[in-house]
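The next block holds one structure in the form of structure tokens; read it before the comments.
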Number of protein chains: 2
Amino acid sequence: MWLSSTAQTALRAVLYIAEHATEGPVRVEDIAAAANSPRNYLSKTLHVLGREGVLQSTRGPRGGFELLVPPNELTLAQVIQPFAPITDRRCLMGRAECGGPHPCAVHGRWVGIADAIEQFFGQTTVADLLPTPIQITIPNPK
Amino acid sequence: MWLSSTAQTALRAVLYIAEHATEGPVRVEDIAAAANSPRNYLSKTLHVLGREGVLQSTRGPRGGFELLVPPNELTLAQVIQPFAPITDRRCLMGRAECGGPHPCAVHGRWVGIADAIEQFFGQTTVADLLPTPIQITIPNPK
DNA sequence: TGCTAACATCATGATCATATGATAAAATAC
DNA sequence: GTATTTTATCATATGATCATGATGTTAGCA
């Protein structure tokens with residue numbers, strides 16, 4: 001019932017890139033190792049996110065992938081969408097009629113769940129996933 | 001993100017059987033036509049529900065499929081389960097660590113959604129899906 | 001017994017998601 | 001401009017889900 005393997009990997013990958021944003025472009029090689037995903041397949045996946053405007057890739061030495069959207073503005077929906085529709089509001093049992101003026105008896109509740117899911121992915125950002133060490137800088141007593 | 005085609009078909013099929021429960025066993029042929037599903041594939045699908053104790057099949061003339069569980073006790077979860085896990089509570093991005101004592105920052109909200117879905121399928125019954133003409137028996141004035 | 005109606009099952013194929021290895025293309029550094 | 005580092009892409013393979021057609025099996029009935 002859940003996210004495709006590719007979509008999950010995309011999330012892990014983007015998260016890893018966000019975590020290493022300060023160090024410049026991140027190599028597919030490293031992302032693949034961290035996200036536990038085959039290199040070339042991940043490359044294709046990230047390429048898609050490039051087309052979507054989420055990532056930027058640069059080739060050659062010191063190249064790699066970078067975020068084009070700041071983590072706190074990048075929703076999980078934006079990362080997942082290209083690989084699978086997050087939800088649709090169609091009938092849970094796939095009946096065409098249910099979309100029209102004669103929905104089945106449970107259609108309302110069903111759509112309610114779809115709404116909750118959509119909200120979750122639409123409002124949660126990559127920043128929410130980052131380990132958030134409360135940054136207390138303790139001055140060195142020496 | 002949603003139910004597999006097989007699971008959706010199973011729901012439509014069971015609903016159709018429930019609707020025609022009074023007429024004795026329902027033939028795969030008829031169910032297939034109503035549920036818009038290939039005959040033999042549906043046969044296999046219904047067979048699985050037989051093994052699960054949801055349906056009973058009888059062969060030969062006047063044979064077909066019948067419900068073994070009354071519609072108001074038969075949850076959608078029981079119909080769907082054999083074809084796909086409804087939800088799991090694992091990390092939305094597939095990280096093993098998230099299950100343990102160090103869940104990611106959004107794991108709680110994520111599991112909340114899983115709970116809602118599980119409740120929906122676990123508490124909604126086939127009876128809830130039946131067209132519910134509010135049964136008012138008007139005594140015949142003649 | 002033999003015919004027919006029905007489900008059961010088997011072998012096979014189509015399609016899609018995922019994966020892999022080889023090769024191409026681009027950017028940088030020397 | 002050549003070598004090196006990196007992403008891009010292509011051809012192919014694998015596995016799962018879904019589908020189809022042929023054949024097997026069981027039950028009822030004349």
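We use all heavy atoms of the structure for the numbers below, so side chains are in, but hydrogens, waters and symmetry mates are not. Naming convention: chains lettered A, B, ... in sequence-line order (proteins, then strands); numbering from 1 in each chain.
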Quick one: closest heavy-atom pair of [X] and [Y], and the distance?
X	Y	answer
A:Glu19	A:Leu130	CG-CD2, 3.6 Å
A:Asn36	A:Arg12	O-NH2, 3.9 Å
A:Leu42	A:Val28	CD2-O, 4.2 Å

Any [X] side-chain nitrogen or oxygen under 4.0 Å from OP1 or OP2 of [N]:
X	N	answer
A:His47	D:dT7	no
A:Ser57	D:dT7	no
A:Arg39	D:dT7	yes

(Q) Using a 4.0 Å cut-off to any heavy atom of chain B, which nucleotides of DNA chain C are the first and last in contact, reading 5' to 3'? (A)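 That gives a stretch of C:dA5 to C:dT9.
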Would you mind reporting whether [Y] and [X] have side-chain heavy atoms less than 4.5 Å apart?
X	Y	answer
A:Arg95	B:Leu15	yes
A:Phe120	B:Leu92	yes
B:Leu129	B:Leu76	yes

Can you measure [X] atom [atom1] to [N] atom [atom2] for me and round it to whole angstrom units?
X	N	atom1	atom2	value
A:Arg51	D:dT7	CZ	P	18 Å
A:Tyr41	D:dT7	OH	P	18 Å
B:Lys44	D:dC18	NZ	C1'	9 Å

Q.
So for atom CG, which belongs to A:Asn72, do other residues, nucleotides or ligands contribute more than 12 heavy atoms lying within a distance under 6.0 Å?
A.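 Yes - once you tally the heavy atoms of other residues, nucleotides and ligands closer than 6.0 Å, there are more than 12.
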(Q) Can you list everything that forms a salt bridge (Lys or Arg N to Asp or Glu O under 4.0 Å) with A:Glu23? Sequence neighbours excluded, please. (A)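 For A:Glu23, no residue satisfies salt bridge (Lys or Arg N to Asp or Glu O under 4.0 Å) once neighbours in sequence are set aside.
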**Q.** With sequence neighbours excluded, residues passing side-chain contact (heavy atoms from CB on, under 4.5 Å) with B:Val111
**A.** B:Arg89, B:His107, B:Asp115
Q.
If the condition is ring-ring contact (aromatic ring centres under 6.0 Å, His included), which residues does B:His20 pass it with, not counting sequence neighbours?
A. B:Tyr16
Q.
One pair to check against side chain to side chain contact (heavy atoms under 4.5 Å, CB included): B:Ile117 and A:Ile117. What are the steps and the verdict?
A. CA-CA 10 Å; B:Ile117 295 171; A:Ile117 294 170; 3.9 Å; yes
(Q) Protein within reach of the bases, or only the backbone? For nucleotides 23-29 of chain D, mark each nucleotide 5' to 3' as B, S or -, using heavy atoms under 4.0 Å. (A) -BBBB--
Q) If you pin A:Ala7 and B:Gly63 to their nearest nucleotides in DNA chain C, which one's is more 5'? A)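 Counting from the 5' end, the first nearest nucleotide belongs to B:Gly63.
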Q. Near DNA chain C, under 4.0 Å by heavy atom, which residues of residues 12-34 of chain A?
A. none
